[in-house]
Amino acid sequence: MKINGAQKGLVGEISVPGDKSISHRSIIISSLSTSNSIIENLLESEDVKRTIEAFRDMGVNIIKEDNKYFVEGVGLRGLKKPKRPIDCGNSGTTARLLTGMLAGQKFDSTIVGDKSLSMRPMDRVILPLTSMGAKIKGRMNKYLPINISSAEHKLKAINYELPVASAQVKSAILLATLYAEGKTTIKENKVTRDHTERMLKYFGCNIYKEKNIIYMDSNSILMGKKIYVPGDISSASFFIVAAAIIKGSNLIIRNVGINPTRTGVIDVLKKMGADIKVINKKEVNNEPMGDIVIKYSPLKGTAIDGQIVGTLIDEIPILAVAASLAEGVTVIKGAGELKYKESNRLKAIYKELTKMGANVKELEDGLIIEGFEELKAAKLDSYNDHRMAMALSIAALKAKGQSEIIGYQSVNISYPNFYDTLYSFC
Ligand code: S3P
């Protein structure tokens with residue numbers, strides 16, 4: 001994919017596809033419900049297709065009609081043993097959340113993934129699930145493929161303090177709790193996205209949070225619902241940053257999810273001097289949604305550390321691009337988790353932005369980035385990581401000359417029409 005420096009600002013109105021995290025959860029939770037659900041604006045990307053296929057393989061009828069997905073819920077005990085291993089492809093969310101749910105089933109199952117996913121840690125879910133009584137064996141006790149044995153008895157609820165800030169781990173435990181006895185508590189020392197908690201509650205589960213502890217009763221019955229999946233703020237953030245850094249931009253992005261556990265990117269960009277407003281706020285299926293208005297404005301460097309990191313963890317590649325074009329220095333810390341994403345994002349950002357002439361230092365748990373007014377065009381590697389491909393594509397808009405993005409096809413993981421939207425501004 002070849003991208004030239006932008007000649008003009010981004011002006012107009014767009015919408016972005018449905019939120020990836022909420023899309024996965026809507027398929028999982030509606031499949032486990034005792035009645036049917038209708039899902040609107042579901043993200044149709046490679047990752048979410050993996051979750052849909054997994055449930056179809058377990059006997060759930062999921063049909064698309066008139067742009068809506070109809071899910072015939074089979075109830076907590078209605079899934080069938082899949083005839084083949086569940087292939088999660090590149091999707092960490094499918095792998096981690098399904099491991100939690102499968103841990104409580106009365107059948108054996110196997111989970112596999114692609115090369116990148118097979119190198120990402122699964123012990124973070126295997127350990128707490130094993131304490132709940134699950135029988136799970138992974139390659140080197142740590143990686144996919146993993147085999148999950150049929151649960152002879154109900155699982156036991158758990159009191160767990162999350163050792164890593166991970167919504168996927170938290171969600172795996174909550175889904176396993178649907179198959180447990182007792183009350184689970186999960187203590188989070190760092191904020192992570194709370195879509196599972198919100199959706200379980202919306203479907204009728206007794207789940208609540210006090211301070212930083214989540215409480216969930218195990219004897220829930222889930223009832224089918226109507227869901228509208230808000231636009232993905234992680235996908236929107238590429239165009240939010242593009243509009244913030246390109247002169248003459250004035251952009252509205254409609255119906256974006258603005259759950260406070262996800263909006264760190266807006267808070268940080270505002271602190272950097274970006275002109276961003278959120279208007280038309282409303283609530284859909286227990287999730288806040290609004291329109292985001294962004295105008296070009298010069299940015300300055302900032303510090304990103306502490307609680308906010310969990311609320312912008314997927315936006316660090318694009319925030320790094322913003323930082324490389326801001327006046328002064330940006331220091332990002334407490335982001336060691338980026339090493340375990342679809343690529344080692346700390347290394348990938350450091351290597352690729354350096355190729356573009358930015359002054360970047362890679363830290364053990366973050367980055368130091370000194371900003372410049374303009375970047376250099378270069379041949380850039382996405383490491384087959386969708387968020388790297390999109391962040392580098394936006395960086396290329398602020399470079400003199402033509403850049404090339406290797407592995408740009410990875411955008412299909414979360415934002416299949418990313419380049420159509422990008423080209424609509426060129
Ligand atoms: C996700 C949680 C985050 C995030 C990922 C999606 C989710 O991962 O990076 O893109 O849907 O729960 P971790 O749980 O590893 O932090």
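Just follow the structure's listing: the first ligand is 1, and inside any ligand the first atom is 1. For reference, positions follow the sequence shown, starting with 1.
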Asn417 side chain to Asp420 backbone, donor-acceptor under 3.5 Å: no
- request: Would you check if the side chain of Glu287 reaches a backbone N or O of Glu283 as a donor-acceptor pair within less than 3.5 Å?
  value: no
- prompt: Are any of the N or O atoms of Val169 closer than 3.5 Å to those of ligand 1?
  reply: no
message: Below 3.5 Å, N or O to N or O, backbone or side chain included: is there any such pair between Ser166 and ligand 1?
response: yes
- prompt: What residue among Asp19, Leu312, Thr311 forms side chain to side chain contact (heavy atoms under 4.5 Å, CB included) with Arg262?
  reply: Asp19
message: Which residue in the set Val278, Val256, Asn255, Ile258 passes side chain to side chain contact (heavy atoms under 4.5 Å, CB included) when paired with Asp291?
response: Asn255
- line: The answer for which part of Arg193 has a heavy atom under 4.0 Å from ligand 1 is side chain
Distance-only check: which donor-acceptor pairs under 3.5 Å involve side-chain atoms of residues 128-138, not counting sequence neighbours?
| unit_1 | atom_1 | unit_2 | atom_2 | d |
| --- | --- | --- | --- | --- |
| Thr130 | OG1 | Ile126 | O | 2.6 |
| Ser131 | OG | Leu127 | O | 3.2 |

How close does the nearest protein non-hydrogen atom get to [atom], and which residue and atom is it?
{"atom": "atom 12 (O) of ligand 1", "value": "Arg25 NH2, 2.6 Å"}
{"atom": "atom 1 (C) of ligand 1", "value": "Gln168 NE2, 3.5 Å"}
{"atom": "atom 10 (O) of ligand 1", "value": "Asp314 OD2, 2.7 Å"}

query: Which ligand 1 atoms does Ala165 reach within 4.0 Å, using its non-hydrogen atoms?
result: 16 (O)
task: Using a strict 4.0 Å cut-off to heavy atoms of Thr93, name the atoms of ligand 1 that fall inside it.
output: 1 (C), 6 (C), 7 (C), 11 (O)
Ligand 1 contacted by Gly310 (non-hydrogen, < 4.0 Å): no
statement: Sorted by chain and residue number, the salt bridge (Lys or Arg N to Asp or Glu O under 4.0 Å) partners of Glu370 (sequence neighbours excluded) come out as none
- prompt: Which word best sums up how the rings of Phe418 and Phe239 line up, parallel for under 30°, tilted for 30 to 60°, or perpendicular for over 60°?
  reply: tilted
- prompt: Out of Lys341, Arg96, Glu337, Arg262, whose heavy atom is nearest to atom 13 (P) of ligand 1?
  reply: Lys341
